[in-house]
Amino acid sequence: MRRMLTTPLLLALLAGCQAAPPSEANVAREPASGEATDAVAEVEAGKPADFASWLADFRREARAEGIGEATLARALDGLRYRARVIELDRSQPEFVRPIWQYLDSAVSATRVTTGRERLDAHRATAREMERRYGVPAEVIVAIWGIESNYGGNFGDFSTLEALATLAYDGRRRDFARDELLAALRILEAGDISPERMQGSWAGAMGHTQFIPSSFEAYAVDGDGDGRRDIWGSIPDVMASTAHYLDRAGWQAGQPWGTEVRLPDGFDYAETELATRRPGRDWAERGVRSLDGAPLPDFAAASVIVPGGAEGPAFLVGPNFRAILRYNNATSYALAVGTLADEIAGREGVVQGWPREQQPLSRSQVREMQRLLNQRGFEVGTPDGIMGPNTRRGLREFQAAIGTTPDGFATRNLLERLKR
């Protein structure tokens, strides 16, 4: 039985919100010098009296599960509670950037240029991993760029302290405890030292942000030194990333997708990832590539319109879904795909986004969901997240008022619901 793939997606679960691209939310760093909270003061001021007692109990459990005394001493002696981790765990942003703003930064000219430089510098390694796992070199580099800005920002929290704090005081304590045990097993295996095991506040580590259980399952020794080092070895980083995508179902020789034009009268109820048809079936429905070339020969493809009917449309296949296993956000997968394309010299997104539209805040989405339910367009319990049920209910409302039923939430639609 294949083990469930994890990593940035579960970071979003820890945050209690929709999966968000790591460059937006998953890489949380300490306050800079001179900001409101000094690290030591933050630890001491927020330290609960019984954290030491909890840690002693956990130590006994870890010992019973086979972690050696030397590893326990190196990892847990002097381990600190981090109040900042809990603050981040319990925070949920009210405003979420629209996809075009996210892509502006995730696929910026600087990131494309740097990606090409990184690919040039590590081309032999990237091509070897492409040969071994079937994942294109530019895709490996694109994930590296989006996860940590090519290693420039993978977080400086101690993974052990972050996970211990979450296991003691977080909202998903059992999950964090299991990840902390996985981190101890990694130390026991000798892949990394406790001091170098650093990453985000939620426990993701290294250049491409693996949580410890994902590291155990998918990290690879790419340079042959006997250790899996996703903090300091670029061959290990690239091999681990490619291996992960391979296990997520990457299909060699296929693109992630392509930008398309939709015909007049297209049924936007079809624009869900759960709706899958062969590429030729979409062509028969009038879906066309921008340059007139045949659509990719996908056995199971979906059409998505993340900016609604006024924005670009994409036909995406199995490799797009493989990227979603790394982080379950359409914006993330689209960023990886388009960044990879531009690193390789291919064209990025061509059609314009509806930049004049102001995104809804989470409270406004909850209000929209409540009003849709009141009007009989059932969307489930209001939670502030634009999921498939909410989009379906919104499409039904749009059809009822005679607008294009694309399921794209706008402030104008919210005002119409209020009336």
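The closest side-chain heavy-atom distance from Ile211 to Met205 is not below 4.5 Å. Between Val220 and Arg228, every side-chain heavy-atom pair lies at or beyond the 4.5 Å cut-off. Looking at Leu334 and Ile99, their side chains come closer than 4.5 Å, going by heavy atoms from C-beta outward. In this structure, Pro136 and Trp250 have side chains that are in contact, with non-hydrogen atoms separated by less than 4.5 Å. Between Arg277 and Arg285 the shortest side-chain heavy-atom distance falls below 4.5 Å. Between Arg392 and Val379 the shortest side-chain heavy-atom distance does not fall below 4.5 Å. With contacts defined as side-chain heavy-atom distances shorter than 4.5 Å, the pair Ser302/Glu272 does not qualify. Val349 has its side chain out of reach of Val107: every pair of non-hydrogen atoms, C-beta onward, lies at least 4.5 Å apart.
For Phe314 and Phe320, the distance between ring centers is not under 6.0 angstrom. The ring of Phe210 has its center no closer than 6.0 angstrom to the ring center of Tyr218. Proximity of the aromatic rings of Phe157 and Trp201 is defined here by a centroid distance below 6.0 angstrom, and this criterion is not met. For Trp231 and Phe215, the ring centers are positioned less than 6.0 Å apart.
Residues Ser108 and Thr110 have side chains that never bring a donor and an acceptor to within less than 3.5 angstrom of each other. No side-chain donor from either of Ser148 and Asn153 sits under 3.5 Å from a side-chain acceptor of the other. In this structure, a donor-acceptor pair under 3.5 Å is present between the side chains of Glu94 and Ser363.
Ring geometry for Phe154 versus His207: interplanar angle of 30 to 60°, hence tilted.
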What's the verdict on side-chain contact (heavy atoms from CB on, under 4.5 Å) for Thr410 and Leu360, showing C-alpha distance, side-chain angles and the deciding distance?
CA-CA 7 Å; Thr410 66; Leu360 300 184; 6.0 Å; no

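Within 6.0 Å of the CG atom in Asp50, the count of heavy atoms belonging to other residues, nucleotides or ligands exceeds 12. Heavy atoms of other residues, nucleotides or ligands lying less than 6.0 angstrom from CG of Asp174 number 12 at most. Atom CZ of Arg196 has more than 12 heavy atoms from other residues, nucleotides or ligands within 6.0 Å.
The backbone N or O of Arg82 sits nowhere less than 3.5 Å from a side-chain atom of Glu161 that would complete a donor-acceptor pair. With hydrogens and angles ignored, the 3.5 Å screen pairs no side-chain donor or acceptor of Thr275 with any backbone N or O of Thr271. Side chain of Ser200 to backbone of Gly155: no donor-acceptor contact under 3.5 angstrom is found.
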